[in-house]
Amino acid sequence: MPLIEPRTLKGFRDYLPEAQIPREWLVDTARRVYRSYGFLPIDTPALEYEEILAGKGGEESDKQMYRFEDHGGRRVALRFDLTVPLARFVAQHQHELGLPFKRYHVASVWRGENTQRGRYREFMQCDFDTIGTESIASDVEMVLVVHDLMRAIGIEGFTIRVNNRKVLVGLLEAQGIETGVTPILRALDKHDKIGLEGVRRELVQAAGLTPDQAQAVTSPLLVERADEATQRAPRAELDRLEQSCPLSPTGLRGLTELRALLGGVEAAGVDPRRVRLDLSIARGLDYYTGTILETSLDELRGIGSVCSGGRYDDLANLYTKERLPGIGASLGLDRLLAGLDELGRLPRTRATAPVFVPYFDEARLHDYLAFCAALRCAGLGVELYPEPRKLKAQLQYADRRGFACAIVIGSDEWAAGTCQVKDLKQQESASVARVDATGALSRELLERLRRLSGS
RNA sequence: GUGGCUAUAGCUCAGUCGGUUAGAGCACCAGGUUGUGGUCCUGGGGGUCGGGGGUUCGAGUCCCCUUAGCCACCCCA
C-alpha cells in the first residue's frame, strides 16, 4: 500500500511543544492583562456566511478571504479577522449583552495571502474591544492595555505610536480632497519605509494629487519631533501642528481628541516617551474613524507593528440600525513570537511540569503512582516515566526535556522512607526523608522541591 | 497576485567536469556487566536526492513543468 506523504498546506503550520509552550504563555499573558481591565471572553464560529464577512475589511480582505460553498450549497467564508465577526455578534446579541460591552477574543483567523517570515495563512489574533461608547476614556484604556501587555510580556523597549484618522481626513479636506482617500493614507503609512520624498512621489503618482497638494498633506510630517527628553513632548507637537498646518473642522476635532488621549494616558502614569504621536500612521483597514495605534519593538523595527487597533464609529451599521461605536486593538501573536524568538527572549524549556520521577523499581508501580499523586495534591507538577527502563536512560530523558529536578526512589529508598532529590541544573543530589511520622510527604521534601521548581 | 533565490537523512549541510553500492555532524535507538543525567567509545535504524517529465550509454548533478520554503513588491497582525 502506498504511503500518504505527511504534509501541511502552504502557510499552515504545526506547532511542536518547543513552539507551542511559548505560544500558550503569550496567550495566557494577554488574557490576564485583558481580564485585569474587566474585558470578558467570547468566541465565535470560524466559518460565517460569506455575506457577513464580504466587503467589510476593504477590497484587499475580500481577495484574501477563504470562500467556498458548503455541503448545503451555502456561500460561506473563514473569518479573516476578529473585528468583523464581533460586529455581527454584537448586533445579534446586543440586548443580552448590554452596553457598553467589553470583550476579548483569542482565536485563529485565515488570509489567503503570500507567506513570509512571521506571516502565515492561518494565524492567531488576541483582540480586545469596547463597544457602545464614544468616551475618550476607552481610547485611553486601549493604550493602557497595550502598554501593560507589552510590559507583562517582558518587553521594556517598545513604542506605541498614536494618531487620529480625523486629523488625516481634516488635512485632506483642507485641500479639497474628499474622495480617493485610501491610496493617500497608504502612501502616508509608508513614511517609515520610503521617507518623505517617497511619500510625496507616491501621492502624486499613485493617488493622483498635485505636487502642491502632496506638499500640504505631508506637512505634518515636517513638524519638528519633540525632544525625547522633554516629557511633554507629544502635546507640544500638537500645538505646532495646529499652528502650521491647515485643517478642516474635522481635523481640529481630531486634534482635540488626540490631546485628550495623550493627557489621559499621562494621567494614568504611562511614561510619555513610550507613547509617541506619529502623523504618518494610517492603518490599512477602512473602518477606522478616530484614534489609531501601532506598536513596534524598539530593537526590531523591521518586523512592523505587533499590536495595532483604533476607533471605529459604527462598524455594525451593516447588521443593525442601532449605532454601535467601538474601539479596540489586536495583538499579532505569531508575529510577536517571531520577534521575541529573534531577540532570544523566549523560554527554552520543553517540560511543562518541573518534577520528574523515574519508574525505577518495576514492582512498585502503585507506590510511584501514589507518590506522584500526593505531590500533585501539594501543588507540584510531576511526570512519572511510563516504563521501567534503565535509570540512565530515564535521567537522560529528564535532562533533555529540561526538568528542574528528579526524585529517584529505588528499593533502598522505599525501604528507608527516603528519596534522592536531584537538582538537574546544578547536578547536585541529596537524600531526604520522603514521609514524616504521620505518613504525609515530609516538609523537607516539599520545601526543597518548591525551591528547585521556582514556585 | 508579481518578481528573484532555494529544495540531498528528523535537523544543519557536503557531494568535483554528468560516471560504481549517496556521505558527515547533530538528533533518535541499543550497548560499554546488576541502581544515577549534559563528556567519551562502539553499533544500529532512517534517503524512490521535494514530485513529474525530458536530454544522455549513464542524472543528486543539465533542461522544462509542478509543489513547498526564503527574500522583495503589494498588503497587513
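Computation of the quantities below employed the complete heavy-atom set of this structure, encompassing side-chain atoms and omitting hydrogens, waters and symmetry-equivalent molecules. Labels below follow one simple rule: chain letters A, B, ... track the order of the sequence lines, proteins then strands, and each chain is numbered from 1.
If you take atom P in U34(B) and the same atom in C70(B), they sit 48 Å apart, rounded to whole Å. U21(B) and U39(B) are spaced 37 Å apart, taking the P atom of each and rounding to whole Å. For G60(B) and A14(B), the C1' atoms lie 12 Å apart once the distance is rounded to whole Å. Here the separation of C64(B) from G3(B), taken at their P atoms, is 15 Å to the nearest Å. Look at the P atom in both C17(B) and U56(B): the space between them is 23 Å, to the nearest Å. Taking atom P in both U8(B) and G50(B), one finds a spacing of 6 Å when rounded to whole Å.
Judged by centroid separation below 5.5 Å and plane tilt below 30°, F360(A) does not stack onto the base of G35(B).
Electrostatic pairing of D436(A) and R443(A) does not count as a salt bridge here, judged by no charged N lying under 4.0 Å from a carboxylate O.
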Checklist outcome for this item: Once base and sugar-phosphate atoms are separated, protein heavy atoms under 4.0 Å mark nucleotides 1-11 of chain B, 5' to 3', with B, S and - as BB---------
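Within a 6.0 Å radius of CD in E156(A), other residues, nucleotides and ligands contribute more than 12 heavy atoms.
Contacts of residues 417-430 of chain A with RNA chain B (heavy atom under 4.0 Å): Q420(A), K422(A), D423(A), L424(A), K425(A), Q427(A), E428(A).
The separation between E413(A) atom CD and G35(B) atom P is 13 Å, rounded to whole Å. Atom pair L391(A):CG and U36(B):P shows a separation of 7 Å (rounding to whole Å applied). For the pair L82(A) CG and C76(B) P, the computed distance is 17 Å after rounding to whole Å. Atoms OH (Y397(A)) and C1' (U36(B)) sit 18 Å apart, rounded to a whole Å. G35(B) atom P lies 12 Å from atom OH of Y368(A), rounded to whole Å. Separating the CD atom of E294(A) from the C1' atom of C76(B) is a distance of 10 Å, rounded to the nearest angstrom.
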Extract from the structure each pairing of a protein N or O with an N or O of nucleotides 26-34 of chain B at less than 3.5 Å, listing the distance.
from, atom 1, to, atom 2, distance (Å)
C28(B), OP1, R400(A), NE, 3.4
C28(B), OP1, R400(A), NH1, 2.8
C28(B), OP2, R400(A), NH1, 3.0
A30(B), OP1, R389(A), NH2, 3.1
A30(B), OP2, R389(A), NH2, 2.9
G32(B), O6, K392(A), NZ, 3.4

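A donor-acceptor contact under 3.5 angstrom links the side-chain atoms of R111(A) to the base of A77(B). Contact annotation: side chain of R119(A) to base of C75(B), donor-acceptor pair present below 3.5 Å.
Separating the CG atom in D139(A) from the CG atom in L261(A) is a distance of 6.0 Å, to the nearest 0.5 Å.
For T115(A), a side-chain nitrogen or oxygen approaches OP1 or OP2 of C70(B) to under 4.0 Å.
Taking the side chain of L395(A) as heavy atoms from C-beta on, and the options C74(B), G35(B), G37(B), the nearest nucleotide is G37(B). Closest contact between the side chain of V408(A) and the listed nucleotides U36(B), A68(B), A77(B) involves U36(B).
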